[in-house]
Structures are given as C-alpha cells and as structure tokens.
Amino acid sequence: MCNFVPEYKVKKDMIDTTIFQDKTAVYYTLGCKLNFSETSTIGKILQEAGIRTARKGEKADICVVNTCSVTEVADKKCRQAIHRLVKQHPGAFVVVTGCYAQLKPGQVADIEGVDVVLGAEQKKDLLSYLGDLEKHQKGEAFSSPTKDIRTFAPSCSRGDRTRFFLKVQDGCDYFCSYCTIPFARGRSRNGTVADIVAQAEQAASEGGREIVITGVNIGDFGKSTGETFFDLVKALDRVEGIKRYRISSIEPNLLTDEIIEYVSHSRSFMPHFHIPLQSGCDEVLKLMRRRYDTELFASKIRKIKEIMPDAFIGVDVIVGTRGETDEYFESAYDFINGLDVTQLHVFSYSERPGTQALKIDYVVTPEKKHERSQRLLALSEEKTRAFYAKHIGQTMEVLLEKPKPGAMMHGFTKNYIRVEVDGDHSLDNKLVQVKLGDFNEDSTALRGIILGMSDNE
Ligand code: SF4
C-alpha cells in the first residue's frame, strides 16, 4: 500500500513531545555521506524532542533506518538491516526512509515489523510520523511523487572522527541512463549561500576544523536560489575557524577553471578533487548520457595538475554498464591509465528498474564485470602508491584524528595522504607538521614523525 499524501504534515509545535520523554532510538544508515549527514540531523531533531540514542545492547523504543538503493545489493542489504533491527528490538516502532523507501514504498511497508515508510519529501518531518508510538497492524507508506520532492532539508553532521559533512545540495536533473537518483531524491535544489555559511559557522563553533561539502550534484548548486557553486566556495572560504574544506564529488563539466584556479590559492580549500568519470570511452559515455567526453575530462585533470601538481584526484568509474564491449573497455582502460590521477573508485554496474540503460541490448556478464573491476582496482593501487611514494621525505601539515581503540593515531595531509604517527589524544583535531616516512606495514598510509604544531593551528 502506498499513500501519496504530499500535504500530510503535522506542525512541529503541535507535536506532543511528552510521550517521547525517556524513549530511546537506534539509527541505522546505509549508502552515501549524504544519508549519514541526514540521519544525524534526524537524530538531533529526535533528541530535541526528548528521545535519546539507545546505548549499545539496550533495547530501543524506536528504530530509524535510512536506506540506499544504488544497486540491487543495496536494496537487499536494506531489507536485511530492517529484519535484523526488528529482531533485535522487539516491539520497537520502526520507521524506514531514504532512497529505497522512496523508490519502493509498498515493498518496504510489507516487511514484517515496519510501521511507517517515509519518502524523500517526508524524511525531514519524521518526528511527526511517530504518532503515539503505537505499533501499526501493517506498515503505512507516505511518499510524494518525484516531481513533488522539492524541499531542501539542510543537514550538517559530525563524522565519526573530526570531519563535518555539510549538505549543500540535493537531487539531480541529469538523468544519466543508469541512475535512479533523480527518481529517489527528486530535482536539483539547494540551500542559500547565507544559510550554508551559517551552518559552517555553527560547525566551527562546535570545534569543527574540516568540512566535506556534500550533495548529489554539488556543481549544480545555486540553481534554485540564483547563486552558483563558485559563490558558495568563496563565501565558505571566509568562515573563521574552518581550516579545511574538501569538495566531495563534482561533475567534470561543472568543475570550472575558475573554481580550480580559486582552490589553488584559497585559504582553506584543499588540493583534493573527486571527479566522476564513469567511463573512459566516449561511446560508453554517450550510452550513459553523461554530459562530457573524455577530452573534456582530460583537460580538467591537466588544468588541476598544471597549477596544483600535488593535488589528489579521486575518480569514479563504473565497469560493465550495458553496451561496454571488450573493445570499449580496453579503450577506457588505456585512457584511465594515461590520466594523472591518484585513486579510482570502481563500481560494478547494477541493473536498476525504470532506467533507460535497460534499453541497451549488450549485457556484460558478471565474470567480465569482476575481471574489469579487478584490473581497474590494481591500476588504482599502482597510482595511489606512486602518489604516496613521491611525498616520502617531505614535511607536510597533517590534521590529526581520533583513532579507533587500539589503532595508531593518524591524519591526512592537505592533499589527502593518510599518515600514521605516534601521538596522544591531546593532539586530536590538531594541525601538526609531520615529516613523512615510508609506507606502513599494509601500505595503507605513510609513517610520519611529528615535528611540532603547525603555524596554522
Ligand atoms: S549526475 Fe547522473 S549519475 Fe550523478 S546523480 Fe545525477 S543522474 Fe545520477
């Protein structure tokens, strides 16, 4: 059952929060940084209403699951997570939201133990759907059609260590042939520069030093407010207290030369880029309905490296999309091999119902997908290792992070090299000067020696 009730809303000030006092909640998030950031905001709203986060092992009164639907495997993981939580917290009121909930509300509502399913537009009003926490006989789904997903719900969350994740934009208007995000998250929209700067200032007042700027298609920022992503970058650069920004992922056609040039001399934007390529073959890019070709992509990499030779560049690649023949993959591999980039994030194509890609006849076998993915992962390792090795012996500024129990203290350089050091907790979230040594045992970081505090501290 799916009730389309876009008008359904209970005003926050009308909610009787006395029933929430002493209640507990658990949160489970799947998927991207955006989802984690949104869960954290939902958690803050529930906390303000008197609902505290359940301790480890404690039975919760409310379970909130924020789902992802990027692949079929993601859908399956969501269902498994819901079953697990229903079992671990018998009698708890179960709310499921996120992309899977938006795309398949009826399917999710049918899962045993689920009370309420909320689509993308309803997510931010989760509190008003808790009612009196009485379990429903059957799950009820509330979601709006994609065209009505219009609200931008701001969120800024502290990651599990020192970083904050600041959502600046949501949704996407691109409709790439393999992607369901525009259906799950709606059209592109954003907060205003002023609102986002206020959130960054709030993060700084809570001790934040580093912010990762997140969104679905962040280069598209400003469409709904008559501003641009470049305006936002310049305004954020002026926020006192924030020492570092990282731009999480930006479409190559939206990464303008003026942004690249600004980053190269900005106070706080790090020489670190994450650019989705998806395929290194023009024919496949056309099938994917991407808005650039390999020449444009290569020109962006050249531009970055020309003015920031030590910039870290992460690149997303999808292998095995429909239409990717052996010949096309080989040409994509050669193109990627020739790019001066640091790391590849390799994804295997997954068929998504309702997407245009399903109309392409040529299907890649799972074995071939696996083989292609292994080859690109090996290439990625080679590139990352060479990038790290080039920096051995240099002295660089590192922002130290709280390690996991039993792990060594670590942090990242401006250009995202992971560094392990001997240090104590008093150095958490501090900028230090570190002399970079050789690789650690499993080659996941460089060992470093702290020389002193950074002048920037
Ligand atoms: S740009 Fe393409 S791949 Fe990225 S979210 Fe939009 S539709 Fe999906």
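Remember, it's 1-based here, ligands and their atoms both numbered in the order they're listed. Keep in mind that this is a model prediction, so the values were computed, not measured.
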*Is the CD atom of Glu381 crowded by more than 12 outside heavy atoms at less than 6.0 Å?*
no
*asked:* Between Tyr178 and Tyr349 (judged by ring centroids, cut-off 6.0 Å), do the two rings come close enough to count as a pair?
replied: no
*asked:* Centre-to-centre under 6.0 Å for Tyr388 and Phe312, is that the case here?
replied: no
*Among Met270, Arg246, Glu397, Met396, whose side chain to side chain contact (heavy atoms under 4.5 Å, CB included) with Phe412 holds?*
Arg246
*asked:* Counting non-hydrogen protein atoms only, what is the nearest one to atom 3 (S) of ligand 1? Give residue, atom name and distance.
replied: Tyr178 OH, 3.3 Å
_How about CD on Glu112, more than 12 heavy atoms from neighbouring residues, nucleotides or ligands closer than 6.0 Å, or not?_
no
*Could you list which atoms of ligand 1 come closer than 4.0 Å to a heavy atom of Arg290?*
1 (S), 2 (Fe), 3 (S)
_Centroid separation under 6.0 Å, is that true for the rings of Phe36 and Phe165?_
no
*Give a yes or no on whether Glu351 atom CD has more than 12 heavy-atom contacts from other residues, nucleotides or ligands under 6.0 Å away.*
yes
*Number of protein N/O/S atoms less than 2.8 Å from atom 6 (Fe) of ligand 1?*
1
